[in-house]
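Below is one structure, written out as structure tokens, with a few remarks after it.
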Amino acid sequence: SFLRLSLRAFQEKLRAKVFIDLSEIAQRNIFNQKYDFFLSEKSENISSKIVINISKVAEKFVRPILQIVSGFFIVSFIFIAILSFAKITAFYLIICLVIGYTLISFCVSPLIRDSVKQRIILEKEINKVLTESVRTIIDVHLTGSEKFFQERYLQAGKQAFPYLWKAETLPEFPRSLVEPFGITLIFSIGLFPFVSDQNINDLIDIVPFLATIAVASLKLTPPLQDLFRGIIDLKGGIPDLEEALKILELKKERIYPINREERKLITPKKLIELRAISFKYPSMKNYALQNIDLKIPIGSKIALVGKTGSGKTTTANQILCLLRPTSGGLYIDNKEIKNNDVPYWQSLCSYVPQSINLLNGDIISNVAYGLKAEDIDESKVWESLVAAQLEDLIDHLPNGIKTMVGDNGIRLSGGQRQRIAIARAFYRESRLLILDEATSALDNTTESQVLKALSLINKKLTVLIIAHRLSTV
């Protein structure tokens with residue numbers, strides 16, 4: 001019992017370690033993808049593949065493999081012990097059990113795989129409904145849409161229900177049917193002398209033999225069950241493995257971020273230029289941009305003003321190298337930015353969109369985004385917040401820059417969230433700042449002060465403002 005408990009503990013520790021390692025690989029692969037990958041993949045699908053499918057792989061592959069290995073050795077030892085005194089009878093008994101299990105497994109395996117595939121699809125739908133309802137909770141409250149999302153969630157749950165229980169129950173069928181089949185075989189062996197009208201003494205002589213076989217079978221059943229269940233789980237886990245491999249087999253598309261010293265290698269001094277840029281999104285026939293030329297002097301403040309869908313944000317993404325052009329190129333001081341240069345250039349850029357995404361942490365961690373606590377310069381954070389016109393807000397907060405902002409900054413107003421994002425750009429000492437309707441939630445006075453601070457804090461800061469109205473410029 002102690003050895004069995006130790007073995008189980010080892011199996012669970014190894015399974016947990018594999019889950020953590022695979023999750024880390026999956027996250028690293030996601031970060032190594034280009035921006036257009038995230039335009040084609042839904043965020044809830046990505047998180048679902050990482051958390052749910054990889055967890056299932058660890059559960060349905062690692063644990064079964066360990067069960068199969070341990071079960072195989074234990075079954076082998078018991079089988080050899082039985083053969084030592086039961087000889088050919090035990091051999092035929094084991095062969096019949098294996099054949100019986102194989103036939104039952106052959107019939108059940110396709111049903112298991114189908115149930116698992118459907119379970120994966122419906123788990124994604126459940127995750128999608130839950131994510132959408134939480135992310136748009138304000139709209140849910142204002143429109144009274146609680147019942148709509150509850151019904152969607154309930155409907156997805158009803159569709160998933162039969163596949164959820166089938167995926168867990170069907171693997172038990174071979175084991176549950178083989179056990180009575182084995183018992184029947186043992187009794188058939190014992191009743192054979194009686195049925196064939198042989199001497200009654202033969203039946204008496206065989207009773208001790210049958211008792212020994214029965215006791216041995218009791219010892220054989222648990223490891224044999226682990227062996228059978230492991231094989232079934234491996235077969236049933238194939239769809240989960242296929243989904244996980246879509247993330248685990250992603251090739252590296254991005255170069256890792258560089259350090260602050262290396263970014264000096266491509267610091268712009270005179271001009272940022274787009275030359276004959278054309279671009280179309282994957283799977284789209286029409287070009288979003290076609291033969292675009294744009295020159296931006298360093299230290300200038302320019303604006304792209306136009307109606308929705310005119311290509312302003314796509315142009316900004318070309319300047320930031322988030323999207324690479326179908327033709328044409330980005331030039332810094334007449335030097336074309338190649339793929340290897342992209343991380344150096346991006347380390348000098350900041351982008352503040354209209355819809356701000358904040359970490360569920362304090363103000364300081366949101367301004368010094370992506371830095372460990374020991375690496376954050378608090379005085380520099382404060383200077384950035386002052387430049388972003390957030391000094392009054394911080395003074396009135398109970399914990400100052402240590403105040404928690406809530407999930408995606410839910411405790412702050414839209415204007416306050418935008419100014420924290422602008423303060424983030426100040427902290428990074430960016431050389432190019434793109435404001436994509438980033439001041440739309442600010443009042444006129446604050447907007448004017450923020451825009452003035454942009455030119456005061458860094459004379460070499462180049463600002464590109466994307467707007468729908470001229471008053472922003």
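Excluded from the calculations below are hydrogen atoms, water molecules and symmetry mates; all remaining heavy atoms, backbone and side chain alike, are included. Keep in mind that this is a model prediction, so the values were computed, not measured.
Side-chain atoms of L432 and S350, non-hydrogen and from C-beta on, never get closer than 4.5 Å to each other. You'll find the side chain of T462 stays beyond 4.5 Å of the side chain of L433, heavy atoms only. Side-chain atoms of L385 and F426, non-hydrogen and from C-beta on, never get closer than 4.5 Å to each other. Looking only at side-chain heavy atoms (C-beta outward), C349 and R431 stay at 4.5 Å or farther from each other. No side-chain heavy atom of I302 sits less than 4.5 Å from a side-chain heavy atom of K295. Side chains of R28 and I25 form a contact here, defined as non-hydrogen atoms less than 4.5 Å apart. By the 4.5 Å heavy-atom criterion applied to side chains, K251 and N29 are not counted as neighbours.
Rounded to the nearest 0.5 angstrom, I401 CD1 and I364 CD1 are separated by 4.0 Å. Distance check: T326 OG1 to Y287 OH gives 5.5 Å after rounding to the nearest 0.5 Å. Once rounded to the nearest 0.5 Å, the distance linking CD1 of I363 with CG of L393 reads 5.5 Å. To the nearest 0.5 Å, atom CD1 of residue I247 and atom CG of residue L22 are 12.5 Å apart. In this structure, the separation between CD on E429 and OG on S384 is 8.5 Å, given to the nearest 0.5 Å. Between the OG1 atom in T314 and the CD1 atom in I319 there is a gap of 11.5 Å [rounded to 0.5 Å].
Around CG of N286, the count of heavy atoms belonging to other residues, nucleotides or ligands within 6.0 Å does not exceed 12. More than 12 heavy atoms of other residues, nucleotides or ligands lie within 6.0 Å of OH in Y331, so this atom counts as buried by the packing criterion.
A donor-acceptor contact shorter than 3.5 Å links the side chain of T315 to the backbone of G311. At least one donor-acceptor pair closer than 3.5 Å links the side chain of R428 to the backbone N or O of S347. The backbone N or O of N291 sits less than 3.5 Å from a side-chain atom of S278, completing a donor-acceptor pair. In terms of modelled atom types and a separation under 3.5 Å, the side chain of D436 and the main chain of V352 share no donor-acceptor contact. A distance-only check finds a donor-acceptor pair linking the side chain of R419 to the backbone of Q389 [under 3.5 Å]. A donor-acceptor distance shorter than 3.5 angstrom exists from the side chain of K312 to the backbone of K307, with no hydrogens or angles considered.
Of all heavy-atom pairs spanning Q33 and L250, the tightest one is NE2-CB, 3.6 Å. I466 and A316 get closest at one heavy-atom pair: CD1-CB, 3.5 Å. Listed here is the closest heavy atom pair of P268 and I332: CB-CG2, 3.5 Å. The two residues L271 and P297 have their closest heavy-atom pair at CD1-N, 3.9 Å.
A salt bridge (Lys or Arg N to Asp or Glu O under 4.0 Å) check over residues 359-375, counting only residues at least two apart or in different chains, returns nothing.
A side-chain contact (heavy atoms from CB on, under 4.5 Å) with L330 is found for one member of V342, L274, L294 and no other, namely L274.
For the 3.5 Å distance criterion, the side chains of Y344 and T267 fail to qualify, holding no donor opposite an acceptor. No donor-acceptor contact under 3.5 angstrom links the side chains of Y35 and N317, judged on distance only.
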Intermediate values then yes/no, side-chain contact (heavy atoms from CB on, under 4.5 Å), Y427 and L371: CA-CA 11 Å; Y427 185 88; L371 294 179; 3.6 Å; yes

Dump the intermediate steps for side-chain contact (heavy atoms from CB on, under 4.5 Å) on V463 and L435, then the final yes or no. CA-CA 8 Å; V463 182; L435 303 175; 4.2 Å; yes

Mind running side-chain contact (heavy atoms from CB on, under 4.5 Å) on R424 and N366 for me, showing each step along the way? CA-CA 7 Å; R424 183 185 293 170; N366 275 285; 3.7 Å; yes

Verdict with reasoning, E383 to E378, per side-chain contact (heavy atoms from CB on, under 4.5 Å): CA-CA 9 Å; E383 291 174 2; E378 292 195 14; over 6 Å; no

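Here R275 pairs with E273, N334 under the side-chain hydrogen bond (donor to acceptor under 3.5 Å, both in side chains) rule; sequence neighbours left out.
Comment: K338 engages E336 in a salt bridge, judged by a side-chain N to carboxylate O separation of less than 4.0 angstrom.
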